[in-house]
Amino acid sequence: MADGRYDITLDDVPAQIVEIAQVGVPIGYINRRTDPGYMLANGTALLESEKDEAGFYVGGAGMDGMYLRTPARYEPVRDEDGAVIAFRRMNEYLTGFTPEEQELIYEYGMNTPEHLVEDLTAALPHLKKAPQVYDLFDSTAKKLRQIPPDKCRRLMADIRAAYKGRQEQSIRERQRAAEKSAKKKRRSFER
């Protein structure tokens, strides 16, 4: 592996980060209310209730209290405490991949689209006895081949950052839950 084939270099791909302009999204033309979500600096409205099947925020155009869905997808950027501080605008090709295909890209995508497609294709002969897994690898490789290499690398980097961030947030949440549980046990022992 001296050629760096399995070096993770996707962290070097610049992300499209959009700042939060306001917490809460104004909704309603006549009966105004503020729904949970975020208004971004680029004018995009993100509602907590509007996420796709993979858990990405669905971008929306907030106009005069109306919410109109757009194809844009966003993922929260969190600080070390887990608080949402901005959003990553995901690559426009993201919606062409199922959540399972996105997970596969996260697991196997290291640096270049060419290496990812080669690795997925190389696995196919060994997956003949598992038709669902075979189809997943095959469909992902076919879709990746359709994307220009620079945009594909950006897609891979966005997926990697999003799923890695979700894992880190999950770990933080479990640590907080364990700390709360330990505090409760200590208090019960002290009584």
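The structure displayed is predicted, hence computed values, not measured ones.
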Do [X] and [Y] pair up side chain to side chain, a donor and an acceptor below 3.5 Å, judged on atom types alone?
X	Y	result
R145	T140	no
Y106	Q167	yes
E173	Q169	yes
Q22	Y38	no

Linking I/L/V/M/F/W/Y whenever their side-chain heavy atoms sit closer than 4.5 Å, directly or via other members, would [X] and [Y] fall into one cluster?
X	Y	answer
F137	M156	yes
V58	Y93	no
L124	Y108	yes
V25	V23	no
L40	I17	no

### Message
Below 30° counts as parallel, above 60° as perpendicular, anything between as tilted: where do the rings of Y57 and F87 land?
### Response
perpendicular
### Query
Going through the checks in order, is the side chain to side chain contact (heavy atoms under 4.5 Å, CB included) test met by Q102 and L94?
CA-CA 8 Å; Q102 292 172 21; L94 178 76; 3.6 Å; yes
### Query
In this structure, are over 12 heavy atoms from other groups packed under 6.0 Å from N31 atom CG?
no
### Message
Before you tell me yes or no, could you show the steps for T44 and V18 under side chain to side chain contact (heavy atoms under 4.5 Å, CB included), namely the whole-Å CA-CA distance, both residues' side-chain angles and the distance that decides it to 0.1 Å?
### Response
CA-CA 9 Å; T44 300; V18 183; over 6 Å; no
Between [atom1] on residue [X] and [atom2] on residue [Y], distance to nearest 0.5 Å:
X	Y	atom1	atom2	answer
D119	E114	CG	CD	11.5 Å
L120	S139	CG	OG	9.5 Å
L46	I20	CG	CD1	8.5 Å
M110	L116	CE	CG	9.5 Å
E80	E168	CD	CD	11.0 Å
Q132	L127	CD	CG	12.0 Å

Between [Y] and [X], is the closest basic N to carboxylate O distance under 4.0 Å?
X	Y	answer
K142	D138	yes
R160	D158	no
E75	R89	no

### Query
Between L104, L144, N91, which is the residue that forms a side chain to side chain contact (heavy atoms under 4.5 Å, CB included) with F97?
L144
### Query
After noting the C-alpha distance and the side-chain angles of Q16 and M90, does the key distance pass the side chain to side chain contact (heavy atoms under 4.5 Å, CB included) rule?
CA-CA 8 Å; Q16 187 177 357; M90 302 301 289; over 6 Å; no
### Message
Could you tell me if the side chain of M39 sits less than 4.5 Å from the side chain of P26, heavy atoms only?
### Response
yes
### Query
So do I27 and T34 actually touch side chain to side chain, heavy atoms under 4.5 Å?
no
Least distance between heavy atoms, [X] atom then [Y] atom:
X	Y	value
P113	P149	CG-O, 3.6 Å
T70	A61	CG2-N, 4.0 Å
A15	R88	CB-NH1, 3.1 Å
E53	P99	CG-CG, 3.5 Å

### Query
Between E50 and R69, is a side chain to side chain contact (heavy atoms under 4.5 Å, CB included) present by the stated rule, with each step listed?
CA-CA 9 Å; E50 292 288 333; R69 287 178 139 218; 2.7 Å; yes
Keeping the roles fixed (side chain from [X], backbone from [Y]), state whether a donor-acceptor pair exists under 3.5 Å.
X	Y	answer
D79	D81	yes
S170	R166	no
R73	P71	yes

### Task
Determine, stepwise, if the pair R153 / T9 fulfils side chain to side chain donor-acceptor pair (under 3.5 Å).
CA-CA 10 Å; R153 191 158 192 265; T9 61; 2.9 Å; yes
### Query
In chain order, what residues pass the side-chain hydrogen bond (donor to acceptor under 3.5 Å, both in side chains) check against K151, with sequence neighbours excluded?
E92
### Task
Tell me, please, which residues at least two apart from Y74 pass ring-ring contact (aromatic ring centres under 6.0 Å, His included).
none
### Test log, rule side chain to side chain donor-acceptor pair (under 3.5 Å), inputs Y163 and E103
CA-CA 8 Å; Y163 281 80; E103 187 76 35; 4.7 Å; no
